Each structure stands twice: as C-alpha cells, then as structure tokens.
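Everything below concerns the one structure shown next.
Predicted model only: the values in this text are computed from it and were never measured. Below, all heavy atoms of this structure are taken into account, side chains as well, without hydrogens, waters or symmetry copies. Naming convention: chains lettered A, B, ... in sequence-line order (proteins, then strands); numbering from 1 in each chain.
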Amino acid sequence: MNLQKINWSEFQTLDSVYFTPTDFAETLDGGQAFGWYRDDENENAYTGLFDSNLFKLRLNDSGNVEFAHASKKHKIIIASLKKYLDIERDYDILRKKLFKIRDTHLNKELHSRPTLRILNQPINETIIAFICSSSKRIVQIKQCLWLLRKNLGSHIAGDFYSLPTFEKIANAPLEKILDCKLGFRAKYLQQSAQKILNDSFDLNNLSSMPYLEAKKYLTGLSGIGDKIADCILLFGAQRFEAFPVDTWIIKSCEKLYGISNPNQIRTFAKNHFGEYAGYAQQLLFASS
DNA sequence: CGACAGGTCGGTA
DNA sequence: TACCGACCTGTC
C-alpha cells in the first residue's frame, strides 16, 4: 500500500465517539465494511475509505476516535465521517431496549461489546460489497473490492480509488469485472447495476420504504437473496430491523436457541429482538 | 491436493 | 414451499 504520496491533515479528535479497541476493530473491519486496513505499527489504527473520502482513524488513550483525512474540504469531509460513524444515533437507548428483553446470551454480548456500532455506509457501496461477499471469506471480499476500485474506480490519492459507479459497472466489458476475481458474481453485479439504472430506482428510498418492500426490491436484483439484502439494508440503509442470517448466525442460533432453519431464525429474530434485531445480530455475530 | 467458503439461482418433488 | 446441485476461484 502506498501511503507516501498522500497529504494527510493533522489528526483531530471526535469527542462524541469512542470505542473499546475490540469494538473499534469489529465495527470497522469485522464484516460490515471491507475498505479498512489496519496499520502495521499501531493495531488501533486503520487507513480506509468510503465514497471518495480517505481517512486514517485511530483510538487515543481515552478511546476517542481521532482522524486525519486527505482532502482540502475540511468541513465537508468531517461531516461525511460523522455520518458514516452515525454519531447522531443514541446507542444508550437502543442498548437499554435490548437489555430489557432479558436474554441471557444477548446481555452477555451487550456487556462485552459496550461500544459496538453499525456503520452508516453509502448504499451503493454496500450493494457492490455484499454481492461480492457470497460464499467468500473476508480477505477475498476485500481483495475483490480493492481490484474493482483500482480497475474501474476513480483515483483519490496514493493507491486508493473510489468504487465504480453503477453506470461504470453496467457499461464495462464483463471481462474487466471478471478480472477483479468476482467469478460467478461478476454477472450478478453487472446485471444488478443495469437493473437499478433501468428502473431509475432511487436507492435512498430503501431507508424510508416499508422494510419488506425494500427487501423485495433488493432480492429482485441479481445475486441478492435474503441474507445479502438484509446486510445492505442494515449497513447501507440504517434498517435496524434487518437481521442477516448467515452461516455463523445459523450456528449461533442453533447453539443458543435451538433454531437452525433460516426462515425460522428470521421469524424468531423479528419476534424476539424486534426493531433493533440487526444490532443483536452484530452482537451474536461478533461472539461467534 | 481436495474441500470449502458472511450465498444465490434454477430446477425438481 | 422446501430441498439440492451448480456456480468461479482463492484459501485453508
């Protein structure tokens, strides 16, 4: 990774956001997002990006987030980071509601993960990332996205590129997408990009539409089933009722609640965890 | 070297 | 509606 040519700003502190080191790592690099790279020297520091915003993030001794950026537009880029970290959200309220469920397993995770957050990512990036994620390990997903950025995206600074737009993906030769090691996901990604454009669908609607309607639109795209749709809704549209059921959650729910059927798990999650099921999912996921 | 992977799709019963 | 193999290809 080439960080030399990048003009970093001075580090500034975000007073309102703090993490335990474990939660910091889990939030940035635990499977929600795939654009953060841990620094070699400091294990509580990451370099990463979303849209065309490039950041260094690190924890200070108090657990506050400090950031440096590589842009001249200070105010705009700080606002975008605050949005990304979803600093307006009151996690105390959310966590108290989950505590009230009186679920022993959940309470244990709430206790050991006091500062876990759900990132508020650009919706297009979550669609691209999670189409790439099917049947892949996290390192491979990161590799695919790195290549998509490099081969089809726009240059930001150093070795960093933004993810390509849906226009770019829709019109690219399929071979160029295949070169990004997407395998059978390449045509899924291209077809989804084409459909979103053809529908003239405003992806911002996914955060305001009825949950089932939003999910139905997403699963109507190619390469997106129940699990990936819920990831997109949770990480890209702030739909906390979305409960992605992946192999880890299945194992976890089988062990903790004796349920192993994905549809039964979704029903259980809706009834048991309710409006913040997605946050519970992240807690259970982190425990696995 | 072979099995399997933060799943989805299409066909079958 | 529910179950199953195929799907690309890099890790383990």
Between dC1(B) and dC7(C) - P atom distance, rounded Å: 23 Å
Sugar-phosphate only, base, or nothing, as touched by Ile224(A) at under 4.0 Å among non-hydrogen atoms: sugar-phosphate
Base versus backbone protein contacts along nucleotides 7-12 of chain C [heavy-atom cut-off under 4.0 Å; B, S, -]: BB-BB-
Pairwise C1' distance, dG10(C) and dC9(B) [rounded to whole Å]: 22 Å
Side chain to side chain contact (heavy atoms under 4.5 Å, CB included) against Lys195(A), all qualifying residues, sequence neighbours excluded: Asp199(A), Tyr217(A), Leu221(A)
Short side-chain N/O contact from Thr247(A) to OP1 or OP2 of dG7(B), under 4.0 Å: yes
Separation of atom CD in Gln264(A) from atom P in dC3(C), rounded to whole Å: 10 Å
Short side-chain to backbone donor-acceptor contact, Glu241(A) and Ala277(A), under 3.5 Å: no
Polar contact flag, side-chain donor to acceptor under 3.5 angstrom, Thr165(A)-Asn124(A): no
Distance in angstrom units between Trp248(A) CH2 and dC4(B) C1', rounded: 12 Å
Sugar-phosphate only, base, or nothing, as touched by Gly223(A) at under 4.0 Å among non-hydrogen atoms: sugar-phosphate
Touch class at under 4.0 angstrom, heavy-atom based, for Gln32(A) against every strand present: base
Sugar-phosphate, base or nothing in reach of Leu221(A), heavy atoms under 4.0 Å: sugar-phosphate
Residues Arg38(A), Asp29(A): salt bridge by 4.0 Å N-O rule: no
Cationic N near anionic O, under 4.0 Å, Lys215(A) to Asp230(A): yes
Within 45° cone of Tyr37(A) ring axis and under 6.0 Å: Lys142(A) NZ or CZ: yes
Assigned partner base of dC3(C), Watson-Crick or wobble definition, under 3.5 Å: dG11(B)
Toward the 5' end of DNA chain B, by each residue's nearest nucleotide, Ser222(A) or Ile141(A): Ile141(A)
Whole-Å distance separating the CG atom of Asn263(A) from the P atom of dG7(B): 16 Å
